[in-house]
Amino acid sequence: MSKKPSIPKGTRDFSPTEVVKRNYIMDTIRGCFTNYGFQPIETPSFENSETLMGKYGDEGDRLIFKILNSGDFLRKVDDSLYAEKDSLKMTPRISEKALRYDLTVPFARYVVQHQNEITFPFKRYQIQPVWRADRPQKGRFREFYQCDADVVGSTSLWQEVEFVQLYDAVFSKLDLKGVTIKMNNRKVLSGIAEVIGAEDKLIDFTVALDKLDKIGEAGVTKEMREKGISEEAINRLQPLFSVSGSASEKLAKLRELLASSSIGMQGVDELGFIIEQIQTLQLKTATLEIDVTLARGLNYYTGAIFEVAAPSEVKMGSIGGGGRYDDLTGIFGLKDMSGVGISFGLDRIYLVLEELDLFPKTVSATTQVLFINFGTKEALYALQAIATLRAEGISAELYPDEAKMGKQMGYADKRNIPFVVLAGESEMNEQQFTLKNMKLGDQVRVNTSELIAKLK
RNA sequence: GUGGUUGUAGCUCAGUUGGUUAGAGCGCCUGAUUGUGGUUCAGGAGGUCGUCGGUUCGAGACCGAUCUUCCACCCCA
């Protein structure tokens, strides 16, 4: 046991059946992305540390996997720094590269670096793994895939409308019903902070607010108090907890609440626009909902914020998220380039589909027909037929060894191969094949064209 | 990063207050069956009990460390 090899915490191997299912999800998402006019790019799995560090907050920095420099890197550290044993100070000296933490920041870097070759607005999609030095939990890994679609170079709210449609399209294709697209707007949150006079505590305030459905109103106010938000501000927040009802009712309530804040009103108007258009365009399976407590998201969101909740019967964190970031490329020196995008969490969608048994049966299909190996002459005869079948698009294989029938049949059985061909001397003499249906157990004698017809 | 939890055969798990040679089901291999799998029957292989250290006459069981699993925080897809 001890000598058995293993893989690092939070990583996984994928068996054939799992890869087939993952590909099904990926192909579905990719199909929708291209259908909506997005173009694929890829970026390196690791970036220069300075590209990533400081972009996700202190918590994010902690979760970034750092790559040790090559060579005798400790020799270059001066003694006084080494003696301090301060990891935070030491890290930049011994690590200059890091594994990417998400796909959005590398994308921003890409846009800035390639700005002269890009035609704006630029719609790109990207499906690649990301890494986080997190503690694993259910649906939480240290290596996982994100599937991102972003548009940069347009401030049009029609993009947000299209992203809502895109979410709906993907989940409809996957036949995943009961998905809720939660939407909020950073400007609404800023407006609330402004109205209650806690602008300087925006982050603390939003993080606490985000936990409303988890720890309740009392828990949220308690956390806000602990973070130093004044009692007066918390009292003024009161009406917010009772924002409920339909989208238009929520919007009306927010307008009332935020009347004195121009930024807040702007956020409400943006939410209203998107809701209104979606009401006309209609969604197929997903539900769009305004959630004023939705505050997750990285520090760079400036407008819309999206988060996708799995159907309520599945206990799973969000399966997607996104939003508008007006100044993402600004940190890399390219100003006035607004972006908006969404992300799908492939690994979590997989767990949800698995739990709800929503993978189509056909995705598990393997080889269509196995040819039994009876010996050299027979194998050659079989391979000639196999070549013909393959040219017809039928996946076929020859059992490589001249093993006992039982073993060869057992192989077909275990791999769920639906058909087996037996071709020995008597079949060869008549240019025929014995085709056995493994499920029914019956078998027929056929020629080549009949064989193709039966297997197609 | 904090707190808890888990680890015994390929898989799922039993294993009494610490006591002889650690078990079961499923799976695997061989045969009954030299051109017929999935059913049945007979036989067989497979474990330094996660790892390292400690307590003890004696440890799968108790203690410590470490790794891993899952869970709650933090945060997030």
Side-chain angles (χ1 to χ4, degrees), chain A residues 1-12 15 25 29 56-64 87-88 101-104 127-148 203 206-208 210-211 214-215 219 223 294-299 306-310 315-322 341-352 370-375 378 399 402-428 433-443 445:
Chain A
M1 284 295 271
S2 66
K3 279 175 194 130
K4 240 189 227 171
S6 63
I7 53 174
K9 192 202 308 209
T11 64
R12 296 146 303 153
S15 328
I25 300 173
I29 293 173
Y56 311 98
D58 289 346
E59 190 63 23
D61 282 359
R62 207 197 77 208
L63 296 175
I64 291 173
S87 303
L88 235 57
Y101 178 88
D102 72 355
L103 300 178
T104 308
I127 300 177
Q128 289 189 278
V130 302
W131 294 269
R132 295 185 188 176
D134 208 355
R135 274 219 193 163
Q137 272 179 47
K138 180 177 178 177
R140 205 165 192 188
F141 309 100
R142 301 218 286 186
E143 176 184 63
F144 61 96
Y145 270 73
Q146 285 192 333
C147 313
D148 277 29
I203 299 283
T206 52
V207 166
D210 188 41
K211 294 177 188 163
K214 205 168 181 180
I215 59 178
E223 179 161 335
L294 174 59
R296 291 204 199 184
L298 306 164
N299 304 334
F306 297 110
E307 182 169 305
V308 182
K315 198 172 165 277
M316 178 63 66
S318 63
I319 55 175
I342 58 172
S343 180
F344 292 82
L346 173 73
D347 302 82
R348 286 189 176 177
I349 292 171
Y350 181 102
L351 291 173
V352 170
L370 175 80
F371 281 65
I372 300 294
N373 189 333
F374 287 115
E378 291 88 343
Y399 193 87
E402 195 186 326
K404 285 186 188 158
M405 273 291 283
K407 186 150 177 117
Q408 301 195 41
M409 295 295 286
Y411 173 82
D413 191 47
K414 253 163 235 154
R415 282 201 41 203
N416 280 314
I417 295 173
F419 292 97
V420 164
V421 165
L422 301 95
E425 207 178 334
S426 85
E427 283 92 344
M428 284 167 69
F433 306 90
T434 297
L435 178 68
K436 180 182 171 88
N437 182 322
M438 292 296 277
K439 200 168 174 189
L440 303 175
D442 60 350
Q443 54 192 53
R445 192 98 170 218

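Throughout, protein chains are lettered first and strands after them, A, B, ... in sequence-line order, and every chain is numbered starting at 1.
- Comparing the P positions of B:G60 and B:U48 gives a spacing of 13 Å, expressed to the nearest Å.
- Using modelled atom types, one side-chain atom of A:Q408 and one backbone atom of A:A403 make a donor-acceptor pair closer than 3.5 Å.
- Using a 4.0 Å heavy-atom distance criterion, A:L422 is classed as a base contact.
- Regarding contacts with the backbone of B:C74, a side-chain N or O of A:K211 is found under 4.0 angstrom from either OP1 or OP2.
- Side-chain N/O atoms of A:Q408 and base N/O atoms of B:U36 include no donor-acceptor pair closer than 3.5 Å.
- With hydrogens and angles ignored, a donor-acceptor pair closer than 3.5 Å exists between the side chain of A:R135 and the base of B:U2.
- In this structure, A:R132 forms no cation-pi arrangement with A:F144, as its terminal cationic atom is not both closer than 6.0 Å to the ring centre and no more than 45° off the ring axis.
- At whole-Å resolution of the value, CG in A:D134 and C1' in B:C73 are 12 Å apart.
- Summarising the geometry, the separation between CG on A:D442 and P on B:G35 is reported as 21 Å, rounded to the nearest angstrom.
- If you measure from atom CD1 of A:I215 to atom P of B:A72, you get 15 Å, rounded to the nearest angstrom.
- Between A:R140 atom CZ and B:A77 atom P there is a gap of 10 Å when expressed in whole angstrom units.
- Nucleotides B:G23 and B:G35, compared at atom C1', are 41 Å apart to the nearest Å.
- Among the nucleotides B:A77, B:C73, B:G35, the one closest to the side chain of A:K214 is B:C73.
- A:Q137 has a side-chain polar atom (N or O) that falls below the 4.0 Å cut-off from OP1 or OP2 of B:A72.
- Within the nucleic acid shown, A:G424 comes within 4.0 Å of at least one base atom, counting heavy atoms only.
- B:U30 atom P lies 5 Å from atom NZ of A:K407, rounded to whole Å.
- Side-chain proximity of A:M438 to the nucleotides B:G37, B:C76, B:C75 is greatest for B:G37.
- Checked against B:C71, B:U36, B:C75, the side chain of A:L63 finds its nearest nucleotide in B:C75.
- Counting only heavy atoms from C-beta outward, the side chains of A:M438 and A:P418 never approach each other to under 4.5 Å.
- Across B:C49 and B:A14, the matching C1' atoms stand 13 Å from one another, rounded to whole Å.
- You cannot call A:Y411 stacked on the base of B:G37; the centres under 5.5 Å and planes under 30° rule is not satisfied.
- For the pair A:M405 CE and B:U36 C1', the interatomic distance rounds to 4 Å; values are reported in whole Å.
- With hydrogens and angles ignored, a donor-acceptor pair closer than 3.5 Å exists between the side chain of A:E427 and the base of B:G35.
- Residue A:G322 is out of contact with every strand shown, counting any heavy-atom pair closer than 4.0 Å.
- Using a 4.0 Å heavy-atom criterion, one finds that A:G57 contacts no nucleic acid atom at all.
- We find that A:K436 and A:D442 are not joined by a salt bridge, their nearest charged nitrogen and carboxylate oxygen being 4.0 Å or further apart.
- Residue-level contact check: A:V308 touches neither bases nor backbone, having no heavy atom under 4.0 Å from any strand.
- Figure legend. B:C62 is base-paired to B:G54; pairs are counted as Watson-Crick or G-U wobble with both atom distances under 3.5 Å.
- With RNA chain B read from its 5' end, the first of the two nearest nucleotides for A:G345 and A:K9 is the one closest to A:K9.
- Contact annotation for A:G441: base contact, defined as any heavy-atom pair under 4.0 Å involving a base atom.
- Among all heavy-atom pairs drawn from A:I417 and A:L370, the shortest one is CG2-N, 3.7 Å.
- Shown here, B:G23 forms a base pair with B:C13; the pair counts as Watson-Crick or G-U wobble because both key distances fall under 3.5 Å.
- When heavy atoms are screened at a 4.0 angstrom cut-off, A:S343 is found touching no nucleic acid atom at all.
- Counting distance only, with no hydrogens placed and no angle test, the side-chain atoms of A:K436 and the base atoms of B:U36 include a donor-acceptor pair under 3.5 Å.
- If you check B:U36 for Watson-Crick or wobble pairing at under 3.5 angstrom, you find it has no partner at all.
- Base pairing of B:U48 is not made with any nucleotide, judged by Watson-Crick or G-U wobble geometry with both donor-acceptor distances under 3.5 Å.
- Residue side chain A:D413 reaches the base of B:G37 through a donor-acceptor N/O pair under 3.5 Å, judged by distance alone.
- Close to B:U69, at under 4.0 Å from its OP1 or OP2, lies no side-chain N or O of A:K138.
- Side-chain atoms of A:R12 come within 3.5 Å of backbone atoms of A:E143 as a donor-acceptor pair (strictly under, hydrogens ignored).
- What separates CZ of A:F144 from P of B:C76 is a distance of 11 Å, to the nearest Å.
- Cation-pi geometry between A:R445 and A:F433 is not met: the NZ or CZ atom fails to fall both under 6.0 Å from the ring centre and inside 45° of the normal.
- Nucleotide B:C75 holds its P atom 13 Å from the CD atom of A:E307, rounded to whole Å.
- The gap from the C1' atom of B:C11 to that of B:U16 amounts to 26 Å, rounded to the nearest Å.
- Only the C1' atoms considered, B:U51 is 14 Å distant from B:U8, to the nearest whole Å.
- Remark: aromatic rings of A:Y399 and A:F371 are distant, center separation not under 6.0 Å.
- Minimum atom distance to the side chain of A:R132 is reached by B:C76, of the listed B:G35, B:C74, B:C76.
- Dashed line: the shortest gap from a side-chain N or O of A:K414 to OP1 or OP2 of B:G27 is not under 4.0 Å.
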